[in-house]
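Everything numeric in this text was worked out from a predicted model, so none of it was measured.
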Amino acid sequence: MGKVLFDNGEHRCVAFTNLVPGGDGVQANQFLIIDSGKGALIDPGGDLLYMPLWLGISSHLPPSDLRWLFASHQDPDIIGAAGRWLANTPAQLVCSKLWGRFVPHNISSTQTHKLGDDRYVLLPDKGGFLPLGRSEIVALPAHFLHSVGNFSFFDPVSRILFSGDIGSSLLEGGQACQTISRFDTLIPLMEGFHRRYMASNRATKRWASMVRALNPAMIVPQHGHRIGSPAIAEFLSWLEQLECGVDLLDETHYQYPSRSYF
């Protein structure tokens with residue numbers, strides 16, 4: 001189970017793209033990185049995905065060898081099952097310092113007293129490096145895209161950028177995800193989402209500039225298709241020019257509503 005995106009014998013990246021059944025929820029991708037027998041799970045999701053993801057990663061790595069749970073941001077489709085992963089694996093959960101006090105809301109009160117502060121790594125705004133086996137994963141600032149405390153995760157070995165919601169294309173649950181090399185085919189699937197959920201062009205432009213300097217081999221978002229070369233360059237150029245979020249607001253968005261009943 002899972003699509004292997006990279007494997008050199010010591011280091012492997014696996015994507016799980018079809019665990020949300022039918023129309024039960026927003027289609028979401030989860031990612032497992034393994035290096036030298038230690039694993040990191042990126043954006044593991046909520047209860048809807050916990051058991052199928054547990055079974056999926058077990059075919060690549062014993063869950064007892066999970067070192068990290070990476071959370072790009074705080075949404076339930078990112079981290080809703082945090083309590084179950086923390087209770088059943090030795091992994092530490094990595095998220096923005098802004099969300100550290102919110103994570104316990106996803107954890108049963110019967111578990112909270114058993115999970116000390118050593119189970120959480122709270123990232124500063126500038127990000128940082130997290131060791132994994134003989135390699136490391138880089139937490140990259142992605143704030144306000146779309147969360148105020150948001151991170152992308154870069155794997156220098158595979159040169160895959162795990163971008164969270166940035167670059168997401170909206171698919172129905174159960175649709176197959178693909179690696180896309182022509183960016184124009186993605187625009188109808190991502191434009192509306194990015195215009196509403198990304199905070200402003202000021203943020204998208206700076207993130208795109210940072211990512212261009214990395215020269216990633218692939219960008220894999222939390223929703224929808226993977227972005228491969230040469231679509232990456234086209235995507236970053238599009239993102240740099242995108243008007244979104246507060247760029248689009250005017251007085252019509254803040255008016256007393258006309259009377260209607262729901």
If you apply the rule side chain to side chain donor-acceptor pair (under 3.5 Å), what do you find for His194 with Asp165, and how did you get there? CA-CA 9 Å; His194 283 70; Asp165 277 348; over 6 Å; no
Could you go step by step and tell me if Tyr50 and Trp85 meet the side-chain contact (heavy atoms from CB on, under 4.5 Å) rule? CA-CA 8 Å; Tyr50 175 76; Trp85 288 105; 3.5 Å; yes
Tell me, with the steps shown, if His146 and His73 meet ring pair (Phe, Tyr, Trp, His ring centres under 6.0 Å). CA-CA 9 Å; His146 68 102; His73 57 288; 4.9 Å; yes
Leu170/Leu189 under side-chain contact (heavy atoms from CB on, under 4.5 Å): CA gap, chis, key distance, verdict: CA-CA 5 Å; Leu170 299 186; Leu189 300 173; 5.7 Å; no
For Ile42 and Leu32, run side-chain contact (heavy atoms from CB on, under 4.5 Å): C-alpha distance rounded to whole Å, both residues' side-chain angles, the deciding distance at 0.1 Å, then the answer. CA-CA 6 Å; Ile42 300 178; Leu32 175 67; over 6 Å; no
Before you tell me yes or no, could you show the steps for Phe70 and Ile137 under side-chain contact (heavy atoms from CB on, under 4.5 Å), namely the whole-Å CA-CA distance, both residues' side-chain angles and the distance that decides it to 0.1 Å? CA-CA 10 Å; Phe70 292 150; Ile137 306 299; 3.8 Å; yes
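Nearest heavy-atom pair across Ala82 and Leu93 is CB-CD1, 3.7 Å. Pairing each heavy atom of Leu171 with each of Gly224, the nearest pair is CD1-CA, 3.8 Å. When all heavy atoms are compared, the tightest approach of Leu130 to Val121 is CD2-CG1, 4.3 Å. The two atoms that bring Ala231 and Ile180 nearest to each other are CB-O, 3.6 Å, heavy atoms only. Looking at every heavy atom in both residues, Ser169 comes nearest to Met190 through CA-CB, 4.2 Å. The nearest pair of heavy atoms linking Arg119 to Pro90 is NH2-C, 3.6 Å.
The shortest side-chain heavy-atom distance between Leu41 and Leu69 falls under the 4.5 Å cut-off. Between Phe162 and Ser152, every side-chain heavy-atom pair lies at or beyond the 4.5 Å cut-off. A 4.5 Å side-chain heavy-atom check between Pro44 and Leu53 finds at least one atom pair inside the cut-off. Residues Trp68 and Lys38 are not in side-chain contact: their nearest non-hydrogen atoms beyond the backbone lie 4.5 Å or more apart. Under the 4.5 Å side-chain criterion, counting only non-hydrogen atoms from C-beta, Val220 is in contact with Leu5. Side-chain contact check for Arg67 versus Gln92: some heavy-atom pair is nearer than 4.5 Å. At a threshold of 4.5 Å between non-hydrogen side-chain atoms, the residues Val4 and Cys13 do not count as touching. Side-chain contact between Leu140 and Leu161 is present, with heavy atoms from C-beta onward closer than 4.5 Å.
Atom-to-atom distance recorded for Glu251:CD and Gln255:CD is 7.5 Å, nearest 0.5 angstrom. Between the OG atom of Ser168 and the CG atom of Leu186 there is a distance of 10.5 Å, given to the nearest 0.5 Å. The distance from the CG atom of Asn88 to the OG atom of Ser64 is 11.5 Å, given to the nearest 0.5 Å. To the nearest 0.5 angstrom, Ile232 atom CD1 is 8.0 Å from Asn215 atom CG. The line from CH2 of Trp99 to CZ of Phe151 is 12.0 Å long, rounded to the nearest 0.5 Å. From Asp125, atom CG reaches atom CG of Asn150 across 11.0 Å, with rounding to the nearest 0.5 Å.
Remark: aromatic rings of Trp207 and His143 are distant, center separation not under 6.0 Å.
No hydrogens or angles considered: a donor-acceptor pair under 3.5 Å links the side chains of Gln222 and Asp77. At a cut-off of 3.5 Å, with distance as the only test, no side-chain donor of Thr204 or Glu240 sits close to an acceptor on the other residue. Donor-acceptor pairing under 3.5 Å is recorded for the side chains of Asp43 and Ser72.
Grouping the Ile, Leu, Val, Met, Phe, Trp and Tyr side chains by contacts below 4.5 angstrom, directly or via other members, places Leu61 with Met51. Leu248 and Ile187 are not part of a single hydrophobic cluster, where members link through side-chain heavy atoms under 4.5 Å apart. In the hydrophobic cluster analysis, where Ile, Leu, Val, Met, Phe, Trp and Tyr join through side-chain heavy atoms closer than 4.5 angstrom, Leu249 is grouped apart from Leu145.
Between the side chain of Ser209 and the main chain of Lys205, no donor-acceptor pair closer than 3.5 Å is present. No donor-acceptor pair closer than 3.5 Å links the side chain of Asn201 to the backbone N or O of Glu243. At least one donor-acceptor pair under 3.5 Å links the side chain of Thr185 to the backbone N or O of Arg182.
Residue pairs that meet the side-chain hydrogen bond (donor to acceptor under 3.5 Å, both in side chains) test with at least one member in residues 226-236, sequence neighbours left out, are Thr179-Arg226. Note on residues 2-14: pairs passing side-chain hydrogen bond (donor to acceptor under 3.5 Å, both in side chains), not counting sequence neighbours, are Asp7-Arg12, Glu10-Ser36, Glu10-Arg134, His11-Asp35, His11-Asp155, Arg12-His60.
By the neighbour-count criterion of 12 heavy atoms within 6.0 Å, atom CZ of Arg159 is densely surrounded, having more than that number from other residues, nucleotides or ligands. At most 12 non-hydrogen atoms from other residues, nucleotides or ligands lie less than 6.0 angstrom from CZ of Arg196.
Using cut-offs of 30° and 60° for the angle between ring planes, the Tyr197 and Phe193 rings count as parallel.
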